Enquirer: 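Pasting in a structure now, in structure tokens, and then I'll have a few things to ask.
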Amino acid sequence: MRLTRYFLPVLKETPSEAQIVSHRLMLRAGMIKQASAGIYSWLPLGFKVLRKIENIVHDEQARAGHIPIQMPILQSADLWRESGRYDAFGEEMLRMQDRHGREMLYTPTAEELVTDIFRAHVGSYKDLPLTLYQIQWKFRDEVRPRFGVMRGREFYMKDGYNFDLTKDAALHAYNRHLVSYLRTYERMGLQAIPMRADSGAMGGDNTHEFLVLAETGESEVFYDAEITDLKFGDRAVDYDSVEQCQAVLEEFTSRYARTDETHDEALFAQVPEDRRRRARGIEVGQIFYFGTKYSEALGATVVTPDGSRVPVHMGSHGIGVSRLLGAIIEASHDERGIIWPEGVTPFHCGIVNLKQGDAAADAACDSLYKALTAKGLEPLYDDRTERAGAKFATMDLIGLPWRITVGPRGLDKGVVELTSRRTGDSEEMSPEAAVDRIAQIYS
RNA sequence: CGGGCUAUAGCGCAGUCUGGUAGCGCGUCCGUCUGGGGGACGGAAGGUCGCAGGUUCAAGUCCUGCUAGCCCGACCA
């Protein structure tokens, strides 16, 4: 993409509404624009990152064998009355009426709806196990939205629901999700620590939250320092293997790690003192096993091999897709701007032409652009007639992890400069070598 | 939902106390000089001063009501 043909409304000054760094940077980098309290439009750069994150989630869901569906944003109140949550959910649920006076609501989650789909179409143990998920806009009418997309009222979320014949099978689904989520977050360049959590309005007693450590996190967390050394890495886990998933769960949840909701000082005291950590975290996902709570309320049953009929065991699992942009920025930025992890960067690299209009520089940039594109990479070419400083400042702000700097001075020696946004390290090399290096980084 | 605050050009703000021709910086547009970290100079465009009513010869400024947004707290993916 050529910057002169893109829409990237960057701001030099910070809008006064933004308090925390991710919100400020998202506004300054032209990623979002507030539409009303806690509700945002996604501008091209922000939308691109949102899609990248969404794609990673879809990809990892597919790997775990989960099946994508799409359920409506507006739902009838009827099902929610059946489950008893219409009243239980309270003011957070945005309610409205259609022209006939029917009570409707903007979905805050979808246990009822997915269970309704299940009970209508699934009747036999032979159809199990089944995990359906969607990535869809949700709405929770927070009393006080803040922190940009980290705590908006409208938010984009992956919500998944597993249906299993037995409790053991459902617990395997729970473990499988934990493994799958570890992979998902690592691909985004994040370390998200599973912590024992509170089940809140979902019900059930088996639940973990995934937290990204960040000073601006909304939750206070307590953990054993050893846990941050754990890396999921590139291990090949068979998602169908009960033992393998169980082993990963045990590895990642055996050390002390809890949010303030479930924190237990006596247990925490058993962690060696030099490893006890108290910090803040951003919640980016949660997994639940809640058994037959919804299947019983809504009559979602299956016939077992012996011919009896039993309610299915269920769990639900969420990843805060839109919130992740804020979490990633909170975890990865400096005073000059965002630093995108390679896995979610909106463009693979930037090309900065230091002297737009100079025949040699223009030609070198064009040829770099073509070579990168030919390798399936997406560069952002700053072809504005701005001064070098302005171009560097924009690149630093929007956070592309790699920058190729092209100027007459270097071209005289036959080189361009490849710079890492994260480390600031620069290296001179031929344009061809720069293309190869970028391609290698993303291979 | 309790407490505090704000609303003036795309963004950041002054002007409101003490009523009298709506300003500054950044950004935008044009020109010249520049050209490896938000450069300089000259020119220009851009405003129902959140909305409605009131007081007054005259309201951005005073009064009343409303709306929207922000901060602290409680709450929350």
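Residue numbering restarts at 1 for every chain, and letters A, B, ... go by the order of the sequence lines. All values below come from the heavy atoms of this structure, side chains included, with hydrogens, waters and symmetry mates left out. Predicted model, so just to flag it, every value in this text is computed and none were measured.
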Enquirer: Just checking A/E417: base, sugar-phosphate only, or nothing, at a heavy-atom cut-off of under 4.0 Å?
Expert: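 Since a base atom lies under 4.0 Å of A/E417, the category is base.
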Enquirer: Is any side-chain nitrogen or oxygen of A/R153 closer than 4.0 Å to OP1 or OP2 of B/C76?
Expert: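 Indeed not, no polar side-chain atom of A/R153 lies that close.
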Enquirer: Given atom CG of A/L354 and atom P of B/U34, what is their separation to the nearest angstrom?
Expert: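 Interatomic distance, CG of A/L354 to P of B/U34: 18 Å.
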Enquirer: Looking at residues 386-393 of chain A, who's got a heavy atom less than 4.0 Å off RNA chain B?
Expert: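 A/E386, A/R387, A/A388, A/G389, A/A390, A/F392, A/A393 - these, ordered by number, are the residues of the stretch whose heavy atoms sit under 4.0 Å from the strand.
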Enquirer: In whole Å, what is the span from the NZ atom of A/K355 to the P atom of B/G39?
Expert: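 In whole Å, B/G39 P lies 18 Å from A/K355 NZ.
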Enquirer: Looking at A/T373 and A/Y369, what are the two nearest heavy atoms and their distance?
Expert: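 Scanning both residues, the minimum pair turns out to be OG1-O, 2.7 Å.
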Enquirer: Rounded to the nearest Å, what distance is computed from the CG atom of residue A/L8 to the C1' atom of nucleotide B/G27?
Expert: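 To the nearest whole Å, that distance equals 14 Å.
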Enquirer: So A/F268 and A/F222, would you call those rings parallel, tilted or perpendicular, with 30° and 60° as cut-offs?
Expert: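 The arrangement is perpendicular - the two ring planes meet at more than 60°.
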Enquirer: Does the side chain of A/Q34 get closer than 4.0 angstrom to OP1 or OP2 of B/A68 through an N or O atom?
Expert: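 Result: no.
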Enquirer: What's the CD-P distance between A/E218 and B/C72, to the nearest Å?
Expert: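 In whole Å, B/C72 P lies 14 Å from A/E218 CD.
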Enquirer: What is the separation between atom CD1 on A/I39 and atom C1' on B/A68, rounded to the nearest whole Å?
Expert: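 Taking atom C1' of B/A68 as the reference, CD1 of A/I39 is at 13 Å.
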Enquirer: Is B/A7 paired to anything, Watson-Crick or G-U wobble with both distances less than 3.5 Å, and if yes, which nucleotide?
Expert: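 Pairing partner: B/U67.
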Enquirer: Taking only nitrogen or oxygen atoms into account, show me every contact under 3.5 Å that the protein makes with nucleotides 12-14 of chain B, one pair per line with its distance.
Expert:
unit_1	atom_1	unit_2	atom_2	d
B/G12	OP1	A/S16	N	2.8
B/G12	OP1	A/S16	OG	3.3

Enquirer: Whom does B/G73 pair with, Watson-Crick or G-U wobble, provided both distances fall under 3.5 Å?
Expert: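 Pairing partner, where one exists within any strand: B/C1.
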Enquirer: For A/H313 and A/A170, which heavy atoms make the closest approach, and how far apart are they?
Expert: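 So the two residues come closest at CB-CB, 3.7 Å.
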Enquirer: Taking NZ, NE, NH1 and NH2 as the nitrogens, is one of them in A/E186 or A/R183 under 4.0 Å from a carboxylate oxygen of the other?
Expert: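 Judged by the 4.0 Å cut-off on N to carboxylate O distance, A/E186 and A/R183 do not form a salt bridge.
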Enquirer: Using both distances under 3.5 Å as the test, list the Watson-Crick or G-U wobble partner of B/G36, or none.
Expert: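 Because no pair has both required distances under 3.5 Å, B/G36 counts as unpaired.
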Enquirer: As a test of understanding, state which of A/R384, A/K391, A/E386 forms a side chain to side chain donor-acceptor pair (under 3.5 Å) with A/Q356.
Expert: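 Of all the options given, the one that passes is A/K391.
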Enquirer: May I ask you to say what A/G152 touches in the nucleic acid, namely base, sugar-phosphate or nothing, with a heavy-atom cut-off under 4.0 Å?
Expert: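 Contact class for A/G152: base.
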Enquirer: Do the ring centers of A/Y133 and A/H58 come within less than 6.0 Å of each other?
Expert: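 Yes, close enough.
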Enquirer: In whole angstrom, give the distance that lies between atom CG of A/L397 and atom P of B/G38.
Expert: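 For the pair A/L397 CG and B/G38 P, the rounded distance is 15 Å.
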Enquirer: Looking at A/R151 and B/C75, is any side-chain donor or acceptor paired with a base atom of the opposite kind under 3.5 Å?
Expert: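 Indeed there is one.
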Enquirer: Which part of the nucleic acid, if any, lies within contact of A/G318, taking any heavy atom under 4.0 Å across all strands shown: a base, the sugar-phosphate backbone alone, or nothing?
Expert: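 Answer is nothing: A/G318 stays at 4.0 Å or more from every strand.
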Enquirer: Which of residues 18-33 of chain A have a heavy atom under 4.0 Å from RNA chain B?
Expert: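 Of all residues in residues 18-33 of chain A, the ones placing a heavy atom under 4.0 Å from RNA chain B are A/Q19, A/R28.
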Enquirer: If we take the C1' atom in both B/C75 and B/G2, what is their distance in whole Å?
Expert: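 Per the computed distance, 12 Å lies between those C1' atoms.
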Enquirer: Taking the minimum atom-to-atom distance to the side chain of A/K12, which one of B/G27, B/A77, B/G37 wins?
Expert: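 So the side chain of A/K12 is nearest to B/G27.
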Enquirer: For B/A74, does either OP1 or OP2 sit under 4.0 Å from a side-chain N or O belonging to A/R144?
Expert: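 Answer is no, no contact under 4.0 Å.
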Enquirer: Is there, by distance only and without an angle test, a donor paired with an acceptor across the side chain of A/R140 and the base of B/C76 below 3.5 Å?
Expert: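 For A/R140, whose side chain was compared with the base of B/C76, there is no donor-acceptor pair (under 3.5 Å).
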Enquirer: Excluding sequence neighbours, so at least two apart, what forms side chain to side chain contact (heavy atoms under 4.5 Å, CB included) with A/Q246?
Expert: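 Checked A/Q246 against side chain to side chain contact (heavy atoms under 4.5 Å, CB included); matches are A/N175, A/L249, A/E250.
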Enquirer: Relative to each other, are the rings of A/F210 and A/Y185 parallel, tilted or perpendicular (30° and 60° limits)?
Expert: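 The rings of A/F210 and A/Y185 sit tilted, inter-plane angle from 30° to 60°.
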Enquirer: Could you check whether A/G285 gets within reach of a base, just the sugar-phosphate, or nothing at all, counting any heavy atom under 4.0 Å?
Expert: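 The answer is nothing, as A/G285 stays clear of every strand by at least 4.0 Å.
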Enquirer: Check this for me: does any side-chain nitrogen of one of A/K48 and A/E378 sit under 4.0 Å from a carboxylate oxygen of the other?
Expert: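 Yes, charged N to carboxylate O under 4.0 Å.
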Enquirer: To the nearest angstrom, how far is A/N353 atom CG from B/G35 atom C1'?
Expert: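 So the two atoms are 12 Å apart, to the nearest Å.
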Enquirer: Would A/E111 and A/K293 pass as an ion pair if we require N to O under 4.0 Å?
Expert: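 The answer is no: the pair does not qualify as a salt bridge.
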Enquirer: Indicate yes or no: does A/R151 engage A/E218 in a salt bridge with an N to O separation below 4.0 Å.
Expert: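 No.
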Enquirer: So which of residues 182-189 of chain A are in contact with RNA chain B, with a heavy-atom cut-off of under 4.0 Å?
Expert: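 Contacting residues: none.
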Enquirer: In plain terms, say whether A/E103 and A/R95 are close enough for a salt bridge, that is, a side-chain N and a carboxylate O under 4.0 Å apart.
Expert: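 Salt bridge: no.
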Enquirer: Could you tell me whether A/S36 contacts a base, only the sugar-phosphate backbone, or nothing, with contacts defined as non-hydrogen atoms closer than 4.0 Å?
Expert: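 Since only primed, P, OP1 and OP2 atoms lie under 4.0 Å of A/S36, the category is sugar-phosphate.
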Enquirer: Is it the case that the ring center of A/F347 lies less than 6.0 angstrom away from the ring center of A/Y6?
Expert: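 Judged by ring-centre distance (under 6.0 Å), A/Y6 and A/F347 do meet the cut-off.
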Enquirer: According to the interplanar angle, ranging from 0 to 90°, do the rings of A/F163 and A/F118 count as parallel (below 30°), tilted (30 to 60°) or perpendicular (above 60°)?
Expert: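 Geometry flag for A/F118 against A/F163: parallel rings.
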Enquirer: Expressed as a whole number of angstroms, how long is the span from A/D358:CG to B/G35:C1'?
Expert: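 That distance rounds to 11 Å.
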Enquirer: State the pairing partner of B/G46; accept Watson-Crick or G-U wobble contacts with both distances under 3.5 Å, and report none otherwise.
Expert: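 With both distances under 3.5 Å required, B/G46 matches none.
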Enquirer: Suppose we screen for side chain to side chain contact (heavy atoms under 4.5 Å, CB included). Which residues come up paired with A/A361, at least two apart in sequence or across chains?
Expert: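 A/N353, A/D358, A/L411.
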Enquirer: Quick test of your reading of the model: are A/D260 and A/R280 salt-bridged, counting only N-O distances below 4.0 Å?
Expert: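 So A/D260 does not pair with A/R280 through a salt bridge.
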